[in-house]
Amino acid sequence: MLSKLGIKILGLCFGLTLIGLNLSARPITIVYWQYEFATKVRAIDELIKRFEAENPDIKVIHETFPYAAFAEKVAAAVPAGVGPHIVNLYYGWLPAWQRAGYLQPLPEEWFPAQEIESEFAPLVRAAKMNGQYWGLPTAVRTLALFYNIDLFEQNGIAKPPETWDELIDIAKKLTIWQDGTLVRAGFGMAPDGQDHHLVREVLIRQFGGTPYSEDYRQVLYNTPEGVRALKFYTDLALVHKIGEPDFPFPGVAGYYREGFNAGLIAMIVDGSFAIGTIQRGARFRWGVAELPRLTPDGERHNFASFWMHALTPRAQGAELEAACKFLKFITSPEAMELWLQMVGELPARLSLLNRPELLDDPIYGPFMRALPYSHATFFVDEARQRQIMIDAILRVIRAGVSPEASLATAAAEEQAVLDAFWGKR
Amino acid sequence: MLSLSRRRALWAYAFIFLPLLLFAFFRVYPLFQAFHLAFGRWHADPGQRTFVGLDNFRRLFGDPRFLQALRNMGLYMVLAVPGQVILGLALALVLNALPRGRGFFRAIYFLPYITPAVAISWAWSFMLSPHLGVVNRVLRWIGLPAQSFLTSPAQALPTVAAIVVWQFIGFHIVLFLAALANIPKELYEAARIDGASAWASFRYVTLPLINPTLVLSIVMATGSPTIGILQLFTQVLNLRFYDPGGPVGSTATIVLYMYQVGFKRFELGYASAIAVLLFIIIAVITLIQYKLTARRID
């Protein structure tokens with residue numbers, strides 16, 4: 001006969017076993033954060049559905065925030081030990097986030113550097129700091145020229161420009177000035193859109209300059225070639241008068257893209273991420289072409305960038321393992337295919353890039369073909385470096401400063417930013 | 001036994017205590033926290049935050065972007081504080097003299113104050129477009145040259161200041177109207193019998209009697225978190241959405257810069273140093289304003 005105490009102990013053991021079983025059956029929950037961008041949100045939702053079906057022991061919570069509030073949320077949540085295990089960030093933010101302790105490196109056993117470097121597009125190396133990878137992208141983006149086919153045809157223009165001179169000629173035909181007012185711009189100038197990249201990584205190189213040293217620690221663009229590139233860009237407004245910064249008005253996100261959609265601008269330089277907005281917004285036929293070059297056989301250059309998924313310090317132990325599993329899944333070839341279809345951004349894996357059906361696609365093709373000649377600037381302080389180049393352009397166009405003086409100011413300021421960052425480490 | 005008045009006082013303290021606790025937790029504690037962070041280098045892990053003494057403050061005075069924002073703040077203050085207060089008072093005097101329809105006009109002037117600043121910024125950015133905006137169309141129509149407004153480094157700051165004055169003037173009008181309504185009519189009648197001109201009765205009757213409101217109006221227009229020009233942020237962020245504070249930094253404000261440093265660069269220690277300095281600047285200016293403008297009413 002069991003004593004009363006014995007029965008109690010047995011009961012307790014039984015109960016504890018049940019609780020233990022229950023605990024082990026409970027899925028591990030991880031949290032994924034990104035900013036609110038409708039197509040990206042839908043794509044991640046779909047990927048989570050598939051991932052959870054394959055991994056019933058892991059539950060992924062997907063939380064999004066408006067773009068303007070995103071970094072604030074991360075800034076506050078991570079130090080409080082709440083918020084995301086995996087966070088989506090622009091690659092240019094990596095140094096600032098890493099330095100402030102908001103990220104942890106990808107575990108080598110899950111993501112061997114060698115494997116990343118042999119399987120992903122070379123520009124993904126911008127996610128590497130101190131010899132470690134800090135994140136991986138699902139997709140990459142490049143720039144191209146969007147043009148209004150209807151306007152081209154109405155004005156007897158048969159094809160998009162191959163060279164910058166052709167672009168200027170075409171833009172002049174399509175620009176309308178009325179009593180000193182720009183009614184339609186042949187070319188949409190947006191230094192604060194993508195054009196600061198256009199000057200930094202495309203024009204300076206096409207004019208024979210080099211924007212930075214190989215390791216991006218030295219500013220090298222303050223040369224006659226750099227000045228010629230800046231002068232070329234600012235002359236589009238000052239001499240050729242085919243467009244102006246802030247046209248049609250600077251108060252909304254993507255104003256130049258909206259101007260293009262509204263038929264107020266005939267051509268813009270924009271990223272592959274703009275495809276969706278233009279598909280939805282433009283009420284005319286439009287096309288995409290590779291960025292022009294200086295001469296028909298001149299060098300091609302482009303700027304590439306990406307948003308990457310990274311791990312925060314919150315991911316530890318079993319959660320870290322689950323987060324790695326999820327990160328692996330959303331950067332798999334399957335996820336990239338889905339991303340291309342749902343978001344319209346180019347896959348980040350080399351094996352998916354060189355497919356003829358994509359290279360020849362009238363819309364994706366020009367972006368895709370640009371990848372091999374693209375550069376992803378290694379920003380240490382993206383916000384500041386972006387601002388410095390925008391100001392270099394606007395000083396010339398809006399304040400009458402010479403390209404020489406403006407570029408010299410920019411170079412000194414940007415070098416100080418780079419020195420401060422690297423000196424601190 | 002406690003006396004009745006004692007008991008009442010105890011109850012009053014009890015009622016004050018809870019709000020005080022909340023105030024201390026949500027207002028005073030973060031303030032001290034900011035002071036604390038301003039002397040350190042930020043890290044997400046509190047264990048890895050390092051004390052750097054006055055480094056962040058020293059860095060501020062060698063930071064050209066901060067110094068530009070500081071200069072801009074001086075200009076904003078010179079334009080927007082008198083703009084709000086003097087125009088607000090002038091319009092309140094006019095409205096006060098209206099025999100009827102005062103409520104209607106007051107509501108009209110007050111409307112921008114209760115409209116979200118983001119919506120106001122978008123609307124103005126559109127209306128002030130040099131090429132397609134309605135303002136330049138009107139200017140051309142009446143034979144004046146078109147202006148570049150928010151796209152020119154020379155004009156952008158005065159343009160932003162004008163928008164701020166337009167937005168907040170209704171607040172000052174309502175303040176002044178309430179103050180004017182409280183002045184006994186007999187005082188004006190007495191002044192008139194003594195042969196005082198309109199200016200003299202404004203100078204010696206109106207102005208002294210609305211002095212507390214005037215002080216409040218000036219202090220609010222300068223440093224308050226809602227309408228104070230020294231804390232200008234939302235408008236500047238949204239008037240040029242992709243280049244806030246531009247062109248070429250000409251409209252940048254201290255709060256905008258603090259936001260960029262804190263949330264774009266994740267340097268919350270440096271951002272806190274900016275916050276502390278701004279706190280000191282506002283405190284000093286408010287004190288000076290109070291000393292210069294507050295008068296005892298006899």
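So you know, we letter chains A, B, ... as the sequences are listed, proteins then strands, and number each from 1.
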Peer 1: For the CZ atom on A:F65, are there more than 12 heavy atoms of other groups (residues, nucleotides or ligands in this structure) within a distance under 6.0 Å?
Peer 2: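 Yes.
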Peer 1: Is A:E244 close to chain B through its backbone or its side chain, or both, or neither, when contacts mean heavy atoms under 4.5 Å?
Peer 2: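 Looking at A:E244, just its side chain touches chain B.
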Peer 1: Between A:G251 and B:S125, what is the shortest heavy-atom contact and its length?
Peer 2: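 Scanning both residues completely, I find the closest heavy atoms to be N-OG, 2.7 Å.
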Peer 1: Tell me, for A:F379 versus chain B, whether the close heavy atoms (under 4.5 Å) come from the side chain, the backbone, both or neither.
Peer 2: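 It is neither, since no heavy atom gets under 4.5 Å.
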Peer 1: Side chain, backbone, both or neither: which part of A:W97 has an atom under 4.5 Å from a heavy atom of chain B?
Peer 2: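 Answer is both: backbone and side chain atoms of A:W97 are under 4.5 Å from chain B.
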Peer 1: Is it the case that atom CZ in B:F110 sees more than 12 heavy atoms from other parts of the structure closer than 6.0 Å?
Peer 2: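 Atom CZ in B:F110 is packed in, count exceeds 12.
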Peer 1: Please check if the number of heavy atoms outside B:Y109 that lie under 6.0 Å from its OH is greater than 12.
Peer 2: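 Incorrect, the count does not exceed 12.
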Peer 1: Below 4.5 Å from any heavy atom of chain B, which atoms of A:A383 appear? Answer side chain, backbone, both or neither.
Peer 2: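 Side chain only.
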Peer 1: Can you tell me if B:Y29 has over 12 outside heavy atoms packed within less than 6.0 Å of its OH?
Peer 2: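 No - once you tally the heavy atoms of other residues, nucleotides and ligands closer than 6.0 Å, there are 12 at most.
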Peer 1: Roughly how far, to the nearest 0.5 Å, is CZ of B:R140 from OG1 of A:T181?
Peer 2: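 Interatomic distance, A:T181 OG1 to B:R140 CZ, rounded to 0.5 Å: 3.0 Å.
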Peer 1: Any idea which heavy atoms bring B:Y242 and A:R386 closest together, and the distance?
Peer 2: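 So the two residues come closest at O-NH2, 2.6 Å.
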Peer 1: Please examine the side chains of A:F249 and B:M127, heavy atoms only from C-beta on, and report whether any two atoms are closer than 4.5 Å.
Peer 2: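 No, too far: nothing below the 4.5 Å cut-off.
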Peer 1: Does a side-chain heavy-atom distance below 4.5 Å link A:R99 with B:E267?
Peer 2: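 Answer yes - side chains close enough.
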Peer 1: Would you call B:V248 and A:V401 a side-chain contact if the rule is heavy atoms closer than 4.5 Å?
Peer 2: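 Contact flag for B:V248/A:V401 side chains = no.
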Peer 1: Quick one: list whatever passes side chain to side chain contact (heavy atoms under 4.5 Å, CB included) with B:V78, sequence neighbours left out.
Peer 2: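 With neighbours one apart ignored, the set is empty.
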Peer 1: Non-hydrogen atoms of chain A under 4.5 Å away: do they reach the side chain of B:L128, the backbone, both or neither?
Peer 2: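 Neither part.
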Peer 1: Under 4.5 Å, counting heavy-atom pairs only, tell me which of A:I390, A:V252, A:I397 racks up the most with chain B.
Peer 2: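 Among A:I390, A:V252, A:I397, the one with the most close pairs to chain B is A:V252.
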Peer 1: Could you tell me which of A:A399, A:P313, A:P79 has the largest number of non-hydrogen atom pairs under 4.5 Å with chain B?
Peer 2: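 Most heavy-atom pairs under 4.5 Å with chain B: A:P79.
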Peer 1: Would you please name every residue forming a salt bridge (Lys or Arg N to Asp or Glu O under 4.0 Å) with A:R141, sequence neighbours left out?
Peer 2: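 If we apply the salt bridge (Lys or Arg N to Asp or Glu O under 4.0 Å) test to A:R141, skipping adjacent residues, the hits are A:E345.
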Peer 1: May I ask you to check whether over 12 heavy atoms, not counting those of B:W166, lie within 6.0 Å of atom CH2?
Peer 2: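 It does: B:W166 CH2 has more than 12 such atoms within range.
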Peer 1: Within the structure provided, determine whether A:I388 and B:R65 are in side-chain contact (heavy-atom separation under 4.5 Å).
Peer 2: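 Yes - at least one pair of side-chain heavy atoms lies under 4.5 Å apart.
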Peer 1: Identify the heavy atoms of A:V78 and B:A44 that sit nearest to each other, and give their distance.
Peer 2: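 Closest approach of A:V78 to B:A44: CG1-CB, 4.2 Å.
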Peer 1: Looking only at heavy atoms, which of residues 142-163 of chain B get nearer than 4.5 Å to chain A?
Peer 2: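 Contacts with chain A: B:T151, B:P153.
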Peer 1: Considering all heavy atoms of both residues, which atom of A:A68 and which atom of B:Y259 are nearest to each other, and what is their separation?
Peer 2: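 That would be O-OH, 3.1 Å.
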Peer 1: Would you check if B:D243 and A:L394 make a side-chain contact, meaning some heavy-atom pair closer than 4.5 Å?
Peer 2: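 A side-chain contact exists here, since the closest heavy-atom pair is under 4.5 Å.
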Peer 1: Check A:P248 against B:L132 and note the closest heavy-atom contact, atom names and distance.
Peer 2: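 Smallest interatomic distance, heavy atoms only, reads CB-CD1, 3.5 Å.
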Peer 1: Please state whether the side chain, the backbone, both or neither of A:Q178 comes within less than 4.5 Å of a heavy atom of chain B.
Peer 2: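 No part of A:Q178 comes within 4.5 Å of chain B.
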Peer 1: I'd like to check the side chain to side chain contact (heavy atoms under 4.5 Å, CB included) partners of A:K241; sequence neighbours left out, ordered by chain and number.
Peer 2: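 Checked A:K241 against side chain to side chain contact (heavy atoms under 4.5 Å, CB included); matches are A:W177.
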Peer 1: Quick one: OH on A:Y102 to CH2 on B:W42, what's the gap to the nearest 0.5 Å?
Peer 2: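 Reported to 0.5 Å precision, the distance equals 4.5 Å.
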Peer 1: What class does the angle between the rings of B:H131 and A:F247 fall in, given that below 30° is parallel, 30 to 60° is tilted and above 60° is perpendicular?
Peer 2: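 The rings of B:H131 and A:F247 stand perpendicular, inter-plane angle above 60°.
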Peer 1: Which atoms of A:L264 come close to chain B, meaning under 4.5 Å heavy atom to heavy atom: side chain ones, backbone ones, both, or neither?
Peer 2: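 Only the side chain of A:L264 comes within 4.5 Å of chain B.
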